[in-house]
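Below is one structure, written out as structure tokens; comments come after it.
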Amino acid sequence: PMTSLACLHPAVPSPSCPLPFCCTDFNNDDYICAWDLEQTVTKLTRGELSAEEVSLVCEKVLDEADGDHDGRLSLEDFQNMILRAPDFLR
């Protein structure tokens with residue numbers, strides 16, 4: 001499995017490619033949970049945020065993107081989040 005976030009690079013061949021989802025799913029359970037988000041945010045910010053700040057970011061992401069309110073992001077939730085935030089793809 002991928003251990004870096006290199007798959008988030010714009011060179012990924014297709015925006016419909018699930019690689020960004022898969023490399024954010026650190027525990028490989030086919031969902032992005034709060035723990036997966038914490039790992040992602042910590043890596044993306046190079047550990048410069050406090051644990052409280054990381055937790056707040058993750059909480060906001062789940063509040064905004066968790067369409068079925070099950071406390072985790074499915075691939076469908078993730079894709080909808082990306083579609084609602086086109087600047088993320090740039």
Side-chain angles (χ1 to χ4, degrees):
M2 291 186 138
T3 56
S4 74
L5 295 176
C7 59
L8 294 174
H9 190 274
V12 172
S14 167
S16 63
C17 178
L19 278 177
F21 179 85
C22 293
C23 69
T24 305
D25 178 18
F26 287 94
N27 61 7
N28 297 314
D29 65 353
D30 296 326
Y31 292 93
I32 298 173
C33 64
W35 183 83
D36 294 319
L37 286 172
E38 289 170 5
Q39 301 305 305
T40 302
V41 170
T42 299
K43 288 183 184 300
L44 288 174
T45 61
R46 300 178 186 191
E48 294 180 6
L49 296 180
S50 69
E52 185 177 294
E53 291 168 322
V54 169
S55 181
L56 181 61
V57 169
C58 296
E59 182 181 313
K60 295 293 183 186
V61 168
L62 285 172
D63 285 347
E64 290 292 322
D66 182 13
D68 56 5
H69 308 289
D70 64 354
R72 59 190 185 174
L73 302 181
S74 64
L75 178 58
E76 182 179 353
D77 291 332
F78 184 83
Q79 289 171 329
N80 288 335
M81 175 182 67
I82 299 302
L83 289 173
R84 288 195 328 254
D87 289 338
F88 182 79
L89 297 174
R90 293 188 182 130

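Only a predicted model underlies this, so the values are computations on that prediction, with no experimental measurement involved. Only this structure's heavy atoms are used, side chains among them; waters, hydrogens and symmetry mates stay out.
- Here the CE atom belonging to M81 is positioned 9.5 Å from the CG atom belonging to L62, to the nearest 0.5 angstrom.
- Using a 4.5 Å cut-off on side-chain heavy atoms (C-beta onward), L73 and V61 make contact.
- Of the inter-residue distances, the one linking I32 atom CD1 with D66 atom CG reads 11.0 Å to the nearest 0.5 angstrom.
- Between E64 and R84, the closest heavy-atom pair is O-NH2, 2.6 Å.
- Grouping the Ile, Leu, Val, Met, Phe, Trp and Tyr side chains by contacts below 4.5 angstrom, directly or via other members, places F21 with I82.
- Nearest heavy atom pair, residue A34 against residue C58, reads O-SG, 4.3 Å.
- Between atom CG of residue D68 and atom OG of residue S74 there is a gap of 5.5 Å, rounded to the nearest 0.5 Å.
- The CD atom of E53 lies 8.5 Å from the CG atom of L56; values are rounded to the nearest 0.5 Å.
- Note that CG of D30 is 9.5 Å distant from CZ of R72, once rounded to the nearest 0.5 Å.
- At least one side-chain heavy atom of E76 sits less than 4.5 Å from a side-chain heavy atom of N80.
- Here the SG atom belonging to C23 is positioned 13.0 Å from the CD atom belonging to Q39, to the nearest 0.5 angstrom.
- Of the possible polar contacts, none joining the S55 side chain to the A51 backbone as a donor-acceptor pair under 3.5 Å is found.
- Proximity of a side-chain donor or acceptor of D36 to a complementary backbone N or O of D25 within less than 3.5 Å is not detected.
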